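Please read the structure below before turning to the comments.
Here is how names work: the chains are called A, B, and so on, in the same order as the sequence lines, proteins then strands, and each is numbered from 1. Treat the numbers as computed from the prediction; the structure is a model and nothing was measured.
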Amino acid sequence: MNVRSAILGNSLAINKETSVYDLVEKILGTNQTTAAVLDDEGTLVGIVGAHDVLRRMVPAYLDMGAKLMDLIHDGYFEEKFAQFQGMKVWSIMVTQMDSLDPDDSLIKAAAMFVEKRRKSLPVIDKDGKFLGMVTRRSILSKVFSSIQ
Amino acid sequence: MLISGEVEHMATAGPGIFWLATLLFLLAYVVILSEKINKTKVALAGAGLMIVLSVVSQQEAFYSEHLGVDYNVIFLLIFMMILVGITSQSGVFEWTAVKLAKLAKGNPMTIMIYFVIFTAVASAFLDNVTTVLLVAPVTLFICDEQELDPTPFLIAEALSSNIGGTATLIGDPPNLLIGSKAQLGFNDFLFNLGPAVVVMMIALLITVRIFFAKKLVSDEAKRERIMKMDESKLIKDRSLVIKSCTVLGLTILGFCLHDLVHLQPATIAMMGAAALLLISKLDPHDILKEVEWPTVFFFIGLFILVGGVVKVGLISELSKFVINVTHPTEDNMFTTSIVMLWFSGVASAIVDNIPYVATMSPLVQDMANTVFHEGAHAAGALPVETLHHDVLSPVWWALALGSCLGGNGTAIGASANVIVLGIAERNGHKISFMKFAAYGLPVMIGTLIISTAYIVLRYYT
């Protein structure tokens, strides 16, 4: 079994000019948490998801002074989210990402999920064209159905 | 203590070994300055080569007080890191900062003044990097809550950290190096540099007010956010606060009472670290992980590297050059002091002040040996009366002032600046090299002018 067989049929794919608000709406409308970001030719240029949105909402200084978290004023989180108005996904997407080849084995994909601690990974062909996403769930589902 | 055969080795170092050691030292210096390779790796590799190439023996590198690792500095550094590491876990520094912001009633300019003073005082007793690592996150948080640009705060804190650290033996690594080489204690630094630092801090506070007053405006609602903060939530372990502050306070008191207790600062710090480890019940594994080991090993490598060029006579040659240029005599070293101050200031703005002072302090020793004893003593084996001679003392203080204050000139001049700029960038507030220099350079020049006036008034009138 290869990665091609585990690609999600309804993989989320957006343009880099998509707004962060639209991204959040799309994520909430599916059971996926990560979207592929494509250029006009359909080439994968990044991935972006709920994690990247949340990362932007939690200031980096809290990593160094975690105790300060308890003193943040009420409504801080909502105010931060409001600042995303007009922001495009290219400003928060991850461009240095791992990807899978459609002919990779499922065990290779599984190993990559474990090593990289990712929930989903993009699958691209030899020309960098995006074919879809695979998730930990889609791989498990494929393996599970094959032994039934 | 001079180990057997040291003098003979120094006297017989041939031109081949002289140039080999000099080249190795310069190469290590250049690579450290280029920042292409981690400085700890370079210092350790250079130190290893000094031994392998027989410039210094392993015996000298490990056991000679004057040619090898200076364990006074190493152990003082490690034990203070342990003490400060435990104290910072208690949340007392964050608690103090928020308390100060509330005392300022949320007024941004007043908060900045309080934070600048807090940073300077903390830097005098903790190392500068630790201080800014503790103060910067709270600053970013307070500014975020007030929707203010944190850049002015962060720049002012980096500057005050370098000025405050100048005041004491333990405030800045160059002072540790000078203190050990010149056998100067905590009180010597405090009484000789403290008054100058107070004047400089007053000047800095006036300057930051002029620089930033117009940029620091907030409304009533945002001030109210500060006033509503419950800083007690920052203290997770009240008993740890009491224990760590008590031990840190007693340790500093021990440094001040050095003449009474007859113990070296490293021993006092060791007692403090051991006592706090015992009573805090924290796991030593966790605490020792927090020690800045790369800095400790950088010092170890540096001592051996410098020991190599001391042994082959490079430092002695440089000291002759300084003597020819500044003409120090047994009665007067005025020109040497002023040149030392400004040269150290400019050099430290460009290069790391730790290797600079590691090189310059044996140079001052060698110069004193030539001027007072016509070179009769072996390297580093000068009598304490000479090291503390009234005529020589201003040169040590000029070296300390110049090397600590010069760091303010550029973004890379001091470790605290590099750390603050890194934290600012990670939080989306990039401070460019030029922007830092626009504030840092005038402050550096201003503090060097104050230092010049201080040296003239205190030691030469």
Side-chain angles (χ1 to χ4, degrees), chain A residues 16-24 27 34-35 37 45-98 116-118, chain B residues 88-99 101-102 106 129-147 150 153-154 157 218 221-237 240-241 290 419-420 422-430:
Chain A
K16 62 182 182 154
E17 293 298 328
T18 306
S19 75
V20 175
Y21 272 26
D22 286 345
L23 166 72
V24 173
I27 287 173
T34 308
V37 184
V45 291
I47 55 170
V48 67
H51 175 81
D52 303 297
V53 178
L54 290 176
R55 188 166 49 83
R56 274 305 187 99
M57 291 166 71
V58 179
Y61 61 77
L62 289 179
D63 292 346
M64 308 166 60
K67 300 183 199 87
L68 297 166
M69 206 100 66
D70 293 335
L71 266 57
I72 287 178
H73 69 269
D74 290 339
Y76 177 90
F77 214 45
E78 292 82 349
E79 286 168 22
K80 277 280 166 189
F81 191 69
Q83 287 172 10
F84 285 129
Q85 185 134 32
M87 194 183 277
K88 309 291 187 192
V89 292
W90 59 259
S91 64
I92 64 165
M93 70 185 187
V94 175
T95 52
Q96 302 283 319
M97 70 254 156
D98 298 295
K116 307 288 180 187
R117 293 167 183 257
R118 302 298 307 241
Chain B
S88 63
Q89 282 192 10
S90 71
V92 69
F93 297 109
E94 290 92 339
W95 179 89
T96 310
V98 173
K99 194 82 184 163
K102 287 176 80 172
V129 169
T130 306
T131 305
V132 296
L133 276 172
L134 291 167
V135 176
V138 193
T139 303
L140 284 158
F141 166 67
I142 295 285
C143 289
D144 205 8
E145 287 291 294
Q146 295 235 38
E147 295 172 31
F153 286 82
L154 295 172
E157 285 163 9
S218 72
K222 285 164 196 148
R223 291 179 192 200
E224 202 51 38
R225 281 182 190 164
I226 305 289
M227 299 312 288
K228 278 185 184 163
M229 285 177 186
D230 178 6
E231 67 275 16
S232 66
K233 287 181 180 170
L234 295 170
I235 305 287
K236 301 290 181 203
D237 183 347
L240 186 62
V241 173
E290 300 298 316
I419 296 289
V420 165
I423 293 173
E425 187 166 4
R426 253 183 293 145
N427 285 275
H429 303 280
K430 190 173 166 56

Exercise. Tabulate, in ascending numerical order, the residues of residues 78-85 of chain A having at least one heavy atom closer than 4.5 Å to a heavy atom of chain B, or enter 'none'.
Key: A/Glu79, A/Lys80
Quiz item: Can you tell me how far CG of A/Leu68 sits from CD1 of B/Ile142, rounded to the nearest 0.5 angstrom?
Solution: 8.0 Å
Practice problem: Inspect the surroundings of NZ in B/Lys102 and state if more than 12 heavy atoms from other residues, nucleotides or ligands are less than 6.0 Å away. | Solution: yes
Quiz item: Out of curiosity, B/Lys222 NZ to A/His73 NE2, how far, rounded to the nearest 0.5 Å?
Solution: 9.5 Å
Practice problem: Sort B/Ser88 into side chain, backbone, both or neither according to what part of it lies under 4.5 angstrom from a heavy atom of chain A. | Solution: backbone
Quiz item: Most heavy-atom pairs under 4.5 angstrom with chain A, which of B/Met229, B/Lys233, B/Glu145?
Solution: B/Glu145
Quiz item: Rounded to the nearest 0.5 Å, how far apart are CZ of B/Arg225 and CD1 of A/Ile72?
Solution: 11.0 Å
Self-check item: Beyond-backbone contact of B/Leu140 with A/Pro59, side-chain heavy atoms, under 4.5 angstrom
Solution: no
Exercise. For B/Asp230, look at atom CG and say whether over 12 heavy atoms of other residues, nucleotides or ligands are found less than 6.0 Å away.
Key: yes
Quiz item: Between B/Thr139 and A/Tyr61, does a side-chain contact (heavy atoms from CB on, under 4.5 Å) hold up when you go through it step by step?
Solution: CA-CA 9 Å; B/Thr139 303; A/Tyr61 61 77; over 6 Å; no
Quiz item: By a 4.5 Å heavy-atom criterion (distance strictly below it), what part of B/Glu147 contacts chain A: side chain, backbone, both, or neither?
Solution: side chain
